Amino acid sequence: MNISRLLSNSHFPLVPPHIRLPLVWTRGLAAHHSNDLHLPIPTEASSILATKLVTSYFHRGRLEQARKLFDEIPNRDVVLWTAMISGYTSRGLYSNAWAVFCQMTSQGMDPNEFTISSVLKACKGMESCSCGLMVHGLALKHGLDGCIYVENTLMDMYATCCPSMDDAYMVFRHIREKNAVSWTTMITGYTHRGDVYGGLQVFRRMIQEGVDLNPFSCSIAIRACASIGIPSFGKQMHVMVIKCGFDFNLPVANSLLDMYCRCNSLSEAKRYFHEIPQKDLITWNTLIAGYEKSGSDWSLNLFLHMLSEGLSPNCFTFTSVIAACANLALLNCGEQIHGGIFQRGLQGNLPLDNALIDMYAKCGCVDDSRRIFDEMPQRDLVSWTSMMMGYGTHGYGKEAIGLFNKMLDSGIRPDQIVFMGVLSACSHAGLVSEGLNYFNSMATNYHVTPNQEIYGCVVDLLGRAGRIKEAYQLIEAMPFKPDVSVWSALLGACKAHGDSNLGRLAAQKILSLRPNGADTYVILSNIYAADGKWGEFAKVRKLMRGIGCKKEAGVSWIEVGNQVYSFVVGDKVGSHIEMVYRGLEMLVQHMKEVGNDLDSDCLLHLLEDES
DNA sequence: GTACCTATAC
């Protein structure tokens with residue numbers, strides 16, 4: 001590179017026209033670029049140029065050139081050192097930034113407030129509280145701790161790297177003139193570590209002290225309200241945001257929309273969605289995800305609407321709509337969307353691949369799930385768990401166990417959800433002793449403490465195998481008060497194996513925890529019916545009518561061609577009903593042929609309205 | 001010539 005050409009290049013506006021370069025320096029820089037070393041003698045002007053060059057190199061990602069130039073300059077001043085530290089920090093190379101800082105101090109160069117804030121950002125990036133503490137000490141020694149930049153970065157470093165917010169709060173308390181950054185840093189410090197109420201308290205104090213709000217602090221606070229799930233908090237935020245005039249700032253609007261979805265106020269979400277004048281992809285994705293989580297097939301309608309508006313879906317969109325297909329068991333639709341994912345080259349996105357595994361498994365195509373699983377460039381705990389769950393629900397217990405062992409070999413540590421996957425797979429495949437072995441070794445071998453849901457899985461494991469008394473003993477020996485899921489597992493087992501005594505007990509426990517649970521009454525009455533206790537059966541049904549609880553009709557649906565047909569028990573309406581009954585007859589015939597015992601009780605309820 | 005927080009969707 002020719003330095004004079006460089007300086008005359010209008011695309012390189014680094015050197016102001018009033019700076020005249022010393023000849024020797026120009027020669028030196030030229031030598032730098034031609035690898036012919038003649039070190040320049042720096043002057044103040046040349047130091048400014050060097051700093052500008054270093055900053056520009058970092059900005060354009062030419063890190064090696066920045067380093068080479070820096071290394072060749074003999075008497076670097078503090079600004080140049082700082083440019084180097086901040087350059088590395090801006091590129092995420094925090095250890096390099098730290099190394100330059102150490103080199104600088106060891107050479108006796110004193111830092112200024114710019115250096116301290118830059119290197120503190122590197123400490124934050126390294127998540128090193130000890131390095132941060134050293135820098136804090138140095139800042140105090142040089143009297144730089146009163147600068148707002150230093151105070152804000154100190155706070156951020158402590159908030160990110162320390163186990164508690166105490167140190168960050170200490171710095172915050174001592175800031176005389178807090179600015180918007182100080183407040184935002186404090187709020188995100190709390191919310192990023194999951195202390196939502198802590199963050200909201202700081203936000204409230206910000207309002208009380210009359211600090212000007214900005215869209216950033218508002219969207220963070222709205223997110224906090226969404227994660228609490230209390231609609232009244234969110235409503236207050238909405239009112240406040242309107243007062244500030246931020247209600248149609250897109251990130252603020254999107255976080256409000258998300259808040260309504262997470263607070264289960266879907267109608268509010270829908271209304272607000274239509275009010276937002278200019279929507280972006282995130283706006284659409286947020287509402288699609290909201291509908292999907294609530295189990296509504298409107299997520300798919302909205303997806304089509306979005307496409308018709310000419311928007312291009314991304315990984316977030318596809319993850320939601322694939323999840324919708326999974327939960328509605330719409331294989332045909334899921335496959336078409338998978339085609340769209342392929343077309344756009346989005347396969348390989350981790351959450352999306354995980355959703356695809358789940359979708360194919362829930363649509364009955366566990367082999368396709370496995371294919372996706374095998375082709376994934378990377379896998380996380382969710383990938384392994386989804387695949388195991390897929391195997392489990394299809395009765396492939398051995399495959400699930402094989403996968404669990406493979407997961408351990410790959411160095412991933414299991415959590416409670418993985419154990420739920422393995423245990424439920426064992427349960428569905430009748431692998432009782434294997435399941436019990438896993439349960440008994442969870443805490444000792446894998447340091448995972450069983451929770452209520454795990455106990456529920458083991459009760460289910462024993463119960464399905466007909467070992468109902470042992471299941472009950474396990475419930476009695478549980479280290480915590482059994483919840484509805486545990487008793488429900490026992491009740492299910494009692495229904496399957498006709499144990500009306502324990503069934504009554506389980507039902508009573510469930511009703512004491514969740515009164516008016518119509519499904520519990522129905523199962524209990526069915527247990528009595530199967531046991532021939534018709535008097536008890538009648539009593540339960542009468543009790544149900546007396547308290548006015550009515551079981552919601554269970555809806556089934558089937559996808560034929562491009563159409564989804566839904567039907568309820570005893571359905572006689574609709575042109576497709578005849579086809580449904582014909583399908584049912586075919587299934588019954590097939591079950592007889594393969595030697596499956598028909599549960600006559602079950603069949604009876606398929607044909608008659610039980611509610 | 002060098003510095004702080006910065007939000008929303010899986």
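Remember, predicted model here, so these are calculated numbers, not experimental data. Each chain gets a letter, A, B and so on, in the order its sequence line appears, and its residues count up from 1.
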Could you give the [atom1]-to-[atom2] distance, from [X] to [N], as a whole number of Å?
{"X": "A/D247", "N": "B/dT8", "atom1": "CG", "atom2": "P", "value": "19 Å"}
{"X": "A/N354", "N": "B/dC10", "atom1": "CG", "atom2": "C1'", "value": "10 Å"}
{"X": "A/N285", "N": "B/dA7", "atom1": "CG", "atom2": "P", "value": "18 Å"}
{"X": "A/K279", "N": "B/dA9", "atom1": "NZ", "atom2": "C1'", "value": "16 Å"}
{"X": "A/N254", "N": "B/dA9", "atom1": "CG", "atom2": "C1'", "value": "8 Å"}
{"X": "A/I288", "N": "B/dT8", "atom1": "CD1", "atom2": "P", "value": "19 Å"}
{"X": "A/L250", "N": "B/dA9", "atom1": "CG", "atom2": "C1'", "value": "12 Å"}

Using only heavy-atom distances, determine whether the side chains of [X] and [Y] contain a donor-acceptor pair under 3.5 Å.
{"X": "A/D156", "Y": "A/T153", "answer": "no"}
{"X": "A/N254", "Y": "A/N285", "answer": "no"}
{"X": "A/D258", "Y": "A/S255", "answer": "no"}

Within the 4.5 Å heavy-atom criterion, are A/K270 and A/Y291 side-chain neighbours or not?
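When only atoms from C-beta onward are counted, A/Y291 and A/K270 do touch, with a gap below 4.5 Å.
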Answer with base, sugar-phosphate or nothing: what part of the nucleic acid does A/R76 contact at a heavy-atom distance below 4.0 Å?
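Nothing, no heavy atom under 4.0 Å.
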Not counting sequence neighbours, list each pair that qualifies as a side chain to side chain donor-acceptor pair (under 3.5 Å) and has a residue in residues 337-348 of chain A.
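Sorted pair list: A/H338-A/Y360.
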Go through residues 294-318 of chain A and report each residue with a non-hydrogen atom lying under 4.0 Å from DNA chain B, sorted by number.
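By residue number: A/N314, A/F316.
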Given A/R205, which of A/Q201, A/E209, A/Q208 fulfils the side-chain hydrogen bond (donor to acceptor under 3.5 Å, both in side chains) condition?
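With A/R205 as partner, A/Q201, A/E209, A/Q208 yield a single side-chain hydrogen bond (donor to acceptor under 3.5 Å, both in side chains), made by A/E209.
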Over-ring placement of A/R91 relative to A/F58, 6.0 Å and 45° cut-offs
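Here A/R91 fails the 6.0 Å and 45° test against A/F58.
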To the nearest 0.5 Å, what is the distance between CZ on A/R193 and SG on A/C162?
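A/R193 CZ to A/C162 SG: 7.5 Å, rounded to 0.5 Å.
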Inter-residue atom distance A/K235.NZ - A/C225.SG, 0.5 Å rounding
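Result: 13.0 Å between the selected atoms.
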Summarise how protein sits on nucleotides 1-6 of chain B as a single string, 5' to 3': B when a protein heavy atom is under 4.0 Å from the base, S for sugar-phosphate-only contact, - for no contact.
BBBBBB
So does A/K293 get a side-chain nitrogen or oxygen closer than 4.0 Å to the phosphate oxygens (OP1/OP2) of B/dC10?
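Indeed, a polar side-chain atom of A/K293 lies that close.
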